[in-house]
K.L.:
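Pasting a structure below so you can have a look.
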Amino acid sequence: KDSMAYLRVATGYRAGSPNPLVANAPEVPRQVGADTLTNYELGFKSHLWDRRALLEVAAFRIDWEDIRLNLGTPSGISYGVNGGGARSQGAEFSGSIMPVDGLRLSSSLTYTDAKLTAPIPGQAPDGAALPQVPEWSGSLQAHYEFPARGEWVWGVNGAFRYYGERPLSVAPAQSITLPSYGLLDLSVEVGNPDASFRLFVNNVTNEDTFTSASRTLYGSAVLTRWNGVVLQPRTVGVSFDYRF
């Protein structure tokens, strides 16, 4: 009654679409075909310690066929292609525990190995890493709720999230690698059944990095400019919620 094991198999597709007509660019196909996914997942969930702890583990494998990828011509025009196949496989863990009344600790960890299983001619070799997928990611959270005083409840929260380094494109010649980073958020909250006040500090350590980036070409693939999206700097704020 406190545990569950499961096996899931699911499949689906994404419809194709036309490409822009580009003069003197025979590498640009007239349209992009549909791509398909087949997902396999085996998992286990269980409540432990008189339901004061929860454990969830899962292993997964996703087969991706006729991948739709966005590439660029030397003149800077973006277009789509179907790029063979890829496989994303790995494992996920998440859990939470309440060691004492009012305190809940939780964590998660994911390992992902996402690579091409077939080359993209002229663009990426077999085994190239898929873009925007960190090999490792995870989080730690803590929440403590002080004993209530009448209708008022106080609580403090902390969360740390980690994102591993990841490439921005499957094509090595058109890619850079974003560095890994950790993000710490803290908050204090007080409330009653009608209203709540929250003081928060996001990105406590003022981590200075990029979360994503895009590429702009100028006449030639050699002339490339990367435009990055910067992680929001340390932010201190107050929020108020009222329930009518």
K.L.:
Within the supplied structure, the quantity of interest is the number of heavy atoms (other residues, nucleotides, ligands) at a distance under 6.0 Å from Glu207 CD; does it exceed 12?
P.N.:
yes

K.L.:
With a 4.0 Å cut-off on N to O distance, would you call Arg14 and Asp66 a salt bridge?
P.N.:
no

K.L.:
Is it the case that the ring center of Phe160 lies less than 6.0 angstrom away from the ring center of Tyr162?
P.N.:
no

K.L.:
Quick one: OG1 on Thr38 to CZ on Arg61, what's the gap to the nearest 0.5 Å?
P.N.:
9.5 Å

K.L.:
Using the side-chain contact (heavy atoms from CB on, under 4.5 Å) rule, take Ile67 and Leu116 through it: C-alpha gap first, then chi angles, then the decisive distance, then the call.
P.N.:
CA-CA 9 Å; Ile67 304 171; Leu116 290 178; 3.8 Å; yes

K.L.:
Checking side chain to side chain contact (heavy atoms under 4.5 Å, CB included) against Thr209, which of Leu183, Val230, Leu231 comes through?
P.N.:
Leu231

K.L.:
Could you report the tightest heavy-atom contact between Ser107 and Gln141, atom names first, then the distance?
P.N.:
N-OE1, 4.2 Å

K.L.:
Evaluate the side-chain proximity of Asn19 to Gln31: yes if any heavy-atom separation is below 4.5 Å, no if none is.
P.N.:
no

K.L.:
Taking the six-membered ring of Trp49 as reference, does the NZ or CZ atom of Arg52 fall below 6.0 Å from its centre and within a 45° cone about the axis?
P.N.:
yes

K.L.:
Assess, by modelled atom type and distance only, whether the side chains of Tyr6 and Glu41 contain a donor and an acceptor separated by less than 3.5 Å.
P.N.:
yes

K.L.:
Any non-hydrogen side-chain atom of Val32 less than 4.5 Å from a side-chain atom of Tyr79?
P.N.:
no

K.L.:
Keeping the roles fixed (side chain from Ser137, backbone from Glu135), state whether a donor-acceptor pair exists under 3.5 Å.
P.N.:
no

K.L.:
Assign the ring pair Phe197 / Phe240 to parallel, tilted or perpendicular, where the plane angle (0 to 90°) is split at 30° and 60°.
P.N.:
tilted

K.L.:
Could you walk me through whether His143 and Asn157 pass the side-chain contact (heavy atoms from CB on, under 4.5 Å) check?
P.N.:
CA-CA 5 Å; His143 170 76; Asn157 303 278; 2.4 Å; yes

K.L.:
Can you confirm whether more than 12 heavy atoms, excluding those of Asp194, are under 6.0 Å from its CG atom?
P.N.:
yes

K.L.:
Could you check whether any side-chain heavy atom of Val156 comes within less than 4.5 Å of a side-chain heavy atom of Phe146, counting everything from C-beta outward?
P.N.:
yes

K.L.:
Run the salt-bridge test on Asp241 and Arg243 with the 4.0 Å N-O cut-off and return the result as yes or no.
P.N.:
no

K.L.:
Output yes when a side-chain donor or acceptor of Arg166 lies under 3.5 Å from a complementary backbone atom of Gly164, and no otherwise.
P.N.:
yes

K.L.:
Could you tell me whether Asp185 and Arg161 make a salt bridge, using a distance below 4.0 angstrom between a side-chain N and a carboxylate O?
P.N.:
yes

K.L.:
For residues Arg234 and Val201, report the shortest heavy-atom separation together with the two atoms involved.
P.N.:
CG-CG1, 4.1 Å

K.L.:
Assess whether side chain to side chain donor-acceptor pair (under 3.5 Å) is satisfied between Ser3 and Ser46, documenting all intermediate values.
P.N.:
CA-CA 4 Å; Ser3 301; Ser46 181; 2.8 Å; yes

